[in-house]
Every structure is written in C-alpha cells, then in structure tokens.
Amino acid sequence: MARVLLENVVKVYPGNVKAVEDFNLEIEDSEFVVLVGPSGCGKSTTLRMVAGLEEITSGTIHIGDRLVNDVPPKDRDIAMVFQNYALYPHMTVYDNMAFGLKLRKFKKSEIDRRVREASEILGIHELLERRPKALSGGQRQRVAVGRAIVRKPSVFLFDEPLSNLDAKMRVQMRAEISRLHTQLETTMVYVTHDQIEAMTMGDRIVVMKDGLIQQVAPPTELYDNPNNIFVAGFIGTPPMNFFDGVVRKEDGKIILDEDTYRLETVPEWAEKLEPYIDKKVVFGIRPEHIGSPTAEGTPGLPKIKAAVEVVEPMGSESYLYMNTGRNDFIARVDSHRPCHVGDRLELAVMLTKAHVFDAESTNVIV
C-alpha cells in the first residue's frame with residue numbers, strides 16, 4: 001500500500017503537443033481514485049507516466065516515499081491491468097497468473113499459494129487449466145486482474161479495463177473491482193471515459209479535459225457542485241440541461257430572462273448574481289429537477305413551457321425530450337404521467353437545485 005503524489009507533471013509529445021499540463025494530485029494510501037474524461041484528455045497518458053511506461057517531460061512522481069521519475073516500471077511496485085487483457089494465448093490461466101512471479105524468482109510453493117488464493121478471490125479457480133481462447137471476456141478480465149493481484153503491489157493501475165465487455169458484464173465487473181478494493185485495501189488508480197464507472201467506483205474522481213484537471217471531488221460533490229459547464233455536462237446521465245439567458249433586475253428581484261422563459265431566482269443567489277445584471281449567463285439544471293414528482297408537488301416553483309418532441313419510457317420513470325422554441329432539454333418525470341409527442345407542458349423547476357454559469361469563463365457562479 002502506498003500514497004501516490006504527482007506534482008506539476010507535464011507531458012509534451014514531439015511537435016509541442018501537450019498531452020498533460022501542470023497535473024497536481026495526491027492519492028492517499030488505500031484510496032480508489034478514478035481519472036475520467038473524453039478521449040484524448042490525457043488520462044491514460046497520466047496513468048502510463050505513473051506506471052513508468054511514458055517518460056514525464058517535467059514534474060515529479062512519488063510512489064510511497066520514493067521519487068520514481070527515473071525508476072523502471074518493474075521496480076515501481078505497481079501492477080497494471082490493461083484494456084486488452086494482454087494475456088499469453090499459449091499459456092493456461094494458471095501460467096498467465098504465475099508468469100510475473102516466475103520472472104521474479106519466487107519459490108514454486110509461494111507462486112502456487114498466491115495464484116490459488118487470487119483465483120479463489122476472483123472465482124476463477126475452476127478455470128486455471130484453460131487457455132484464454134476458451135474464456136469469455138469477463139473471465140479473461142478476471143485473469144488479468146488476478147495476474148495483478150498475485151504480485152501484491154503497493155498500487156494497482158487500471159487502464160479502461162472494462163471497455164471490451166458487454167453492458168451486463170461491465171456492471172458485474174464494476175462491482176467485482178469495488179469489492180476487491182475493499183478486500184485488498186490497496187491504492188487503486190482507475191482510468192475510464194465512462195462517467196457511470198467513475199461515479200459508482202471512485203472514492204474521488206478527477207475530471208480531465210485537454211490535459212488539465214477540471215475538478216477533483218467525491219462523486220456526490222462532483223454531481224451536486226460542479227466547478228464549470230464542462231464538469232456539469234460530463235457528469236450525470238442524462239447530462240445537465242443548459243439554457244442561455246440574461247440576468248435582469250426588476251422591482252428588486254433578480255430574473256433569469258430568455259425569449260421563451262423568465263425565472264425569478266432565489267434570494268440566496270442575489271449577491272453573486274448582482275455583478276451579472278444585463279450580462280449573458282448559462283442556466284443549468286439536471287433532468288430530475290424539472291417536472292419530477294417532487295417538483296410538481298411543491299407549490300410556488302417557477303415553470304418552463306415546452307413542447308414534447310420525444311418520450312422515452314424507462315420503467316420507473318420517463319425521459320421527455322423537450323423544446324422551448326430556443327433551447328432543448330430533458331426532463332425526468334413520473335412514468336405514469338400522461339405525455340405524448342406534440343404536447344405542450346408546463347414543468348415545475350426546482351430552482352434551488354440549479355446552477356448559473358458565467359457564459360465567458362464557463363465557471364460556476366451559483
């Protein structure tokens with residue numbers, strides 16, 4: 001087990017292509033941290049720098065108390081699980097899991113003990129004599145994780161390990177890896193582009209864009225209090241709705257004004273919105289806070305009028321794809337609410353759950 005510390009880490013590829021810029025992060029001992037962001041944001045490059053598979057351009061990386069900038073991957077006391085499993089096709093499951101230990105000259109009895117212990121933890125003890133081609137995708141991924149477990153590293157690194165699995169298996173493996181973290185109490189750093197994976201697995205989530213950290217926070221904090229429009233739109237399924245608008249002041253009240261709606265803001269926002277009077281802003285609210293049973297059952301809430309363009313029944317709820325005439329948005333409503341394409345509805349808005357963003361900087365105002 002070990003703490004991982006990255007300070008002012010930069011990675012620049014030939015042609016002055018900046019993959020990672022001024023990356024600062026402290027990962028506590030036994031913490032599960034997820035790096036998430038769209039393709040090309042620098043998350044896998046960051047993980048590979050921790051692993052020693054990519055040289056850093058500048059900055060420092062510590063694993064435990066050691067500076068590892070110039071330490072080769074095999075000496076960093078880390079184990080990495082890759083997207084493509086990287087199993088040897090000609091070896092059995094047992095030999096795949098044992099291979100790294102054999103290279104390190106472990107005793108045969110210790111190798112056997114570790115492999116069988118890991119196979120029991122992962123539920124693959126009956127597969128030890130099979131070869132990878134005889135395994136399902138989920139079984140191969142378990143073998144890849146088992147190969148990492150037997151080494152008992154200080155830090156586990158996962159590079160999009162579930163990308164090749166079907167939806168049902170991904171859900172199952174998410175739970176398996178989370179359970180492993182609890183059981184092994186080892187530091188884990190996990191890279192994914194899937195924000196659902198990030199939200200369900202991480203103690204803390206690092207949201208990246210264009211090589212820069214946008215926000216680091218626990219899942220709930222990230223969801224409820226995003227730093228900017230990018231984080232607000234990236235985290236959440238369906239994503240947060242955004243409306244263009246202008247802040248107005250009328251009769252001492254602060255209004256969010258757009259051609260098709262006018263929302264009187266809550267008093268707690270007044271001080272922060274005062275500097276934005278007559279300026280463009282972006283109003284953001286999540287689908288579950290428009291037209292939900294809670295919103296509709298709360299008297300006095302402002303409402304937005306919009307036409308229903310698509311209805312998606314989801315069983316316990318329905319997603320309504322709405323259009324105000326200028327803005328599109330999604331509302332998550334009770335599945336039994338009668339809604340049809342073409343209907344024009346007035347939906348209550350839980351304004352206290354909403355956010356307002358600076359239109360230029362995209363940073364959150366309230």
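Keep in mind the model is a prediction, meaning the values are calculated, not measured. These values consider heavy atoms only, across backbone and side chains, with no hydrogens, waters or symmetry-generated copies.
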State yes or no: do Val266 and Val282 share one hydrophobic cluster built from I, L, V, M, F, W and Y residues joined by side-chain heavy-atom distances below 4.5 Å, directly or via other members?
-> no
Should Leu222 and Phe357 be regarded as members of a common hydrophobic cluster, given that ILVMFWY residues are connected when their side-chain heavy atoms come within less than 4.5 Å of each other, either directly or indirectly?
-> no
Which heavy atom of Ser136 sits nearest a heavy atom of Gln139, and at what distance?
-> N-OE1, 2.9 Å
Excluding sequence neighbours, so at least two apart, what forms side-chain contact (heavy atoms from CB on, under 4.5 Å) with Asp224?
-> Thr220
Intermediate values then yes/no, side chain to side chain contact (heavy atoms under 4.5 Å, CB included), Arg170 and Glu197 | CA-CA 9 Å; Arg170 288 177 78 160; Glu197 276 180 34; 2.8 Å; yes
Does any pair with a residue in residues 86-104 pass salt bridge (charged side-chain N to carboxylate O under 4.0 Å, His left out), and if so which ones, sequence neighbours excluded?
-> Asp95-Lys102
Honestly, is Arg286 close enough over Tyr223, meaning NZ or CZ under 6.0 Å from the six-membered ring centre and within 45° of the axis?
-> yes
Taken in chain and number order and not counting sequence neighbours, the residues that satisfy side-chain contact (heavy atoms from CB on, under 4.5 Å) with Tyr88 are His90, Met91, Asn96, Phe99
Begin with the C-alpha distance, continue with both residues' side-chain angles, and end with the deciding distance and a verdict on side chain to side chain contact (heavy atoms under 4.5 Å, CB included) for Val34 and Val206.
-> CA-CA 6 Å; Val34 180; Val206 181; over 6 Å; no
Residues passing the salt bridge (charged side-chain N to carboxylate O under 4.0 Å, His left out) test with Glu26, sequence neighbours excluded, are Arg3
May I ask whether Phe230 and Met199 are part of the same hydrophobic cluster, defined by side-chain heavy atoms of I, L, V, M, F, W, Y residues being less than 4.5 angstrom apart, directly or through others?
-> yes
Hey, quick one: are Phe158 and Leu87 part of the same hydrophobic cluster, counting side-chain heavy atoms closer than 4.5 Å, chains of contacts allowed?
-> yes
Does Lys353 pair with Glu288 as a salt bridge, N-O distance under 4.0 Å?
-> no
Do Lys249 and Glu274 meet the salt-bridge criterion of a basic N to acidic O distance under 4.0 Å?
-> yes
Looking at residues at least two apart in the chain, or sitting in another chain, which of them share a side-chain contact (heavy atoms from CB on, under 4.5 Å) with Thr200?
-> Arg174, Ile196
Between Phe283 and Phe242, does the ring centroid distance fall short of 6.0 Å?
-> no
Is the number of heavy atoms from other residues, nucleotides or ligands within 6.0 Å of CG (Asp75) greater than 12?
-> yes
Minimal non-hydrogen separation, Ala295 against Met350, with atom names = CB-CG, 3.5 Å
Determine, for Arg113 against Glu110, whether the closest basic-nitrogen to carboxylate-oxygen distance falls under 4.0 angstrom.
-> yes
How would you list, by chain and number, every residue that makes a side-chain contact (heavy atoms from CB on, under 4.5 Å) with Gln183, sequence neighbours excluded?
-> Ile121, Arg179
Validation: residues 307-322 side-chain donor-acceptor distances under 3.5 Å, sequence neighbours left out:
{"from": "Glu312", "atom 1": "OE1", "to": "Tyr321", "atom 2": "OH", "distance (Å)": "3.4"}

From the list Met188, Met80, Arg151, side chain to side chain contact (heavy atoms under 4.5 Å, CB included) with Phe156 holds only for Met188
Apply ring pair (Phe, Tyr, Trp, His ring centres under 6.0 Å) to His289 and list each qualifying residue two or more places apart in sequence or on a separate chain.
-> none
Counterpart residues, salt bridge (charged side-chain N to carboxylate O under 4.0 Å, His left out), relative to Glu250 (two or more places apart) = Arg262
Taking atom CD1 of Ile213 and atom CD of Glu21, what is their separation to the nearest 0.5 Å?
-> 11.5 Å
Got a sec, which pairs hit side-chain hydrogen bond (donor to acceptor under 3.5 Å, both in side chains) with one end in residues 35-57, sequence neighbours left out?
-> Tyr13-Glu54, Ser44-Asp159
Kindly say whether Val33 contributes a backbone atom to a donor-acceptor pair with the side chain of Glu31 at under 3.5 angstrom?
-> no
Side-chain heavy atoms under 4.5 angstrom apart, residues restricted to Ile, Leu, Val, Met, Phe, Trp, Tyr: same cluster for Val333 and Ile285?
-> yes
Tightest non-hydrogen contact, residues Met97 and Ile124, listed as SD-CD1, 3.9 Å
Residues Lys108 and Asp112 bridged, charged N to O under 4.0 Å = no
Atom of Leu128, atom of Thr92 and distance for their closest heavy-atom approach = O-CB, 3.5 Å
Residues Asn69 and Arg76: closest non-hydrogen pair is O-NH2, 3.5 Å
Output, in order, the C-alpha distance, side-chain angles, deciding distance and verdict of side chain to side chain contact (heavy atoms under 4.5 Å, CB included) for Phe23 and Leu212.
-> CA-CA 7 Å; Phe23 191 99; Leu212 292 167; over 6 Å; no
Should the heavy atoms of other residues, nucleotides or ligands under 6.0 Å from CD of Glu346 be counted, would the total exceed 12?
-> yes
Qualifying side-chain hydrogen bond (donor to acceptor under 3.5 Å, both in side chains) pairs, either residue in residues 357-366, two or more places apart | Tyr276-Asp358
Quick one: list whatever passes salt bridge (charged side-chain N to carboxylate O under 4.0 Å, His left out) with Arg248, sequence neighbours left out.
-> Asp257, Asp278
Scanning both residues in full, the closest heavy-atom pair of Ala2 with Ile63 reads CB-CG2, 4.2 Å
Output, in order, the C-alpha distance, side-chain angles, deciding distance and verdict of side chain to side chain contact (heavy atoms under 4.5 Å, CB included) for Leu351 and Leu263.
-> CA-CA 9 Å; Leu351 212 59; Leu263 299 176; 4.1 Å; yes
Is a side-chain donor-acceptor pair under 3.5 Å present for Gln214 with Asn227?
-> no
